[in-house]
Trainee: 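A single structure is presented below for examination.
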Amino acid sequence: MKLLQIAELPSHSASTVRIPIQGAALCAGFPSPADDFLEGSLELPRWLAPNPPATFAWNISGDSMRGAGIFDRDLAVADRSLKPSNGSVVVAIVDGTMSLKRLVIEGNVARLAFDNPDLPAFAVEDLIEGEIWGVVRFSIRWHVARAGLVR
């Protein structure tokens with residue numbers, strides 16, 4: 001069996017799909033106002049995105065999900081067709097703003113929590129408006145310095 005390098009994978013074939021990248025960064029912390037727009041697309045093997053029409057990529061802003069291994073400037077890929085369950089990392093609409101949280105279900109109470117012990121969890125029913133938008137399938141992390149970006 002021969003493993004293919006990323007550059008060797010066929011583009012625009014049945015084995016790859018294009019996933020839209022949302023231009024507004026997904027808040028991994030307290031929500032902040034931002035306009036939704038598409039920044040481009042990400043080409044992925046179909047096995048990473050089995051339901052392309054329901055799959056979206058988001059740039060991450062903030063470090064409140066570091067316990068989940070998701071950090072500032074990572075890319076999270078969410079699937080709207082997946083059913084969230086206890087412990088899922090989800091994209092949630094919190095008071096009208098998209099945000100990244102951990103879904104914690106304790107008994108009959110669902111909470112959206114940060115994966116950072118210094119930040120509080122809050123009950124979904126305590127929100128003015130809260131909705132689970134999708135479930136994070138995976139994230140992509142940079143392990144080398146990116147040209148032109150200064151921390």
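Please read these numbers as outputs of a predicted model, since none were measured by experiment. Heavy-atom basis, side chains included; hydrogens, waters and symmetry copies ignored.
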Trainee: For Asp79, give me all partners under side-chain hydrogen bond (donor to acceptor under 3.5 Å, both in side chains), at least two apart in sequence or on another chain.
Mentor: Ser81, Arg137
Trainee: Report the distance from atom CG of Leu48 to atom CZ of Phe138, rounding to the nearest 0.5 Å.
Mentor: 4.5 Å
Trainee: Enter the distance from Asp63:CG to Ile70:CD1 here, rounded to the nearest 0.5 Å.
Mentor: 11.0 Å
Trainee: Measuring from atom CZ of Phe71 to atom OG of Ser64, what distance do you get when rounded to the nearest 0.5 angstrom?
Mentor: 11.0 Å
Trainee: Using a 3.5 Å distance criterion without hydrogens, assess whether the side chain of Asp115 forms a donor-acceptor pair with backbone atoms of Ala68.
Mentor: yes
Trainee: Return the minimal non-hydrogen interatomic distance between Gly69 and Asp74, and the atom names on each side.
Mentor: O-OD2, 3.8 Å
Trainee: State, with a plain yes or no, whether a side-chain heavy atom of Leu112 is found less than 4.5 Å away from one of Leu103.
Mentor: yes
Trainee: Considering residues at least two apart in sequence or located in another chain, which fulfil the side-chain hydrogen bond (donor to acceptor under 3.5 Å, both in side chains) criterion with Arg66?
Mentor: Asn116
Trainee: Where do Val109 and Arg111 land on the side-chain contact (heavy atoms from CB on, under 4.5 Å) test, with the steps shown first?
Mentor: CA-CA 6 Å; Val109 178; Arg111 299 187 187 286; 3.8 Å; yes
Trainee: Would you mind telling me which of Leu75, Val136, Asp72, Leu100 makes a side chain to side chain contact (heavy atoms under 4.5 Å, CB included) with Ile60?
Mentor: Leu100
Trainee: Side chains of Lys83 and Val135: does their closest heavy-atom pair fall under 4.5 Å?
Mentor: no
Trainee: Should Val17 and Leu42 be counted in the same cluster of Ile, Leu, Val, Met, Phe, Trp and Tyr side chains packed under 4.5 Å apart?
Mentor: yes
Trainee: State the CD1-NZ distance between Ile132 and Lys101, to the nearest 0.5 angstrom.
Mentor: 10.5 Å
Trainee: Please determine whether residues Val104 and Ile93 belong to a single hydrophobic cluster, defined as Ile, Leu, Val, Met, Phe, Trp and Tyr linked transitively by side-chain heavy-atom distances below 4.5 Å.
Mentor: no
Trainee: So how far is it from Ser41 OG to Ile19 CD1, rounded to the nearest 0.5 Å?
Mentor: 9.0 Å
Trainee: Yes or no on side-chain contact (heavy atoms from CB on, under 4.5 Å) for Met98 and Val91, after CA distance, side-chain angles and deciding distance?
Mentor: CA-CA 7 Å; Met98 302 300 264; Val91 176; 3.8 Å; yes
Trainee: In Å, rounded to the nearest 0.5 Å, how long is the span from OG of Ser99 to CH2 of Trp58?
Mentor: 10.5 Å
Trainee: Between Thr16 and Leu44, does the side-chain contact (heavy atoms from CB on, under 4.5 Å) criterion hold? Intermediate values first, please.
Mentor: CA-CA 5 Å; Thr16 61; Leu44 296 170; over 6 Å; no
Trainee: Is it the case that the side chain of Arg102 and the backbone of Gly87 share a donor-acceptor pair, with hydrogens and angles ignored and the cut-off at 3.5 Å?
Mentor: yes
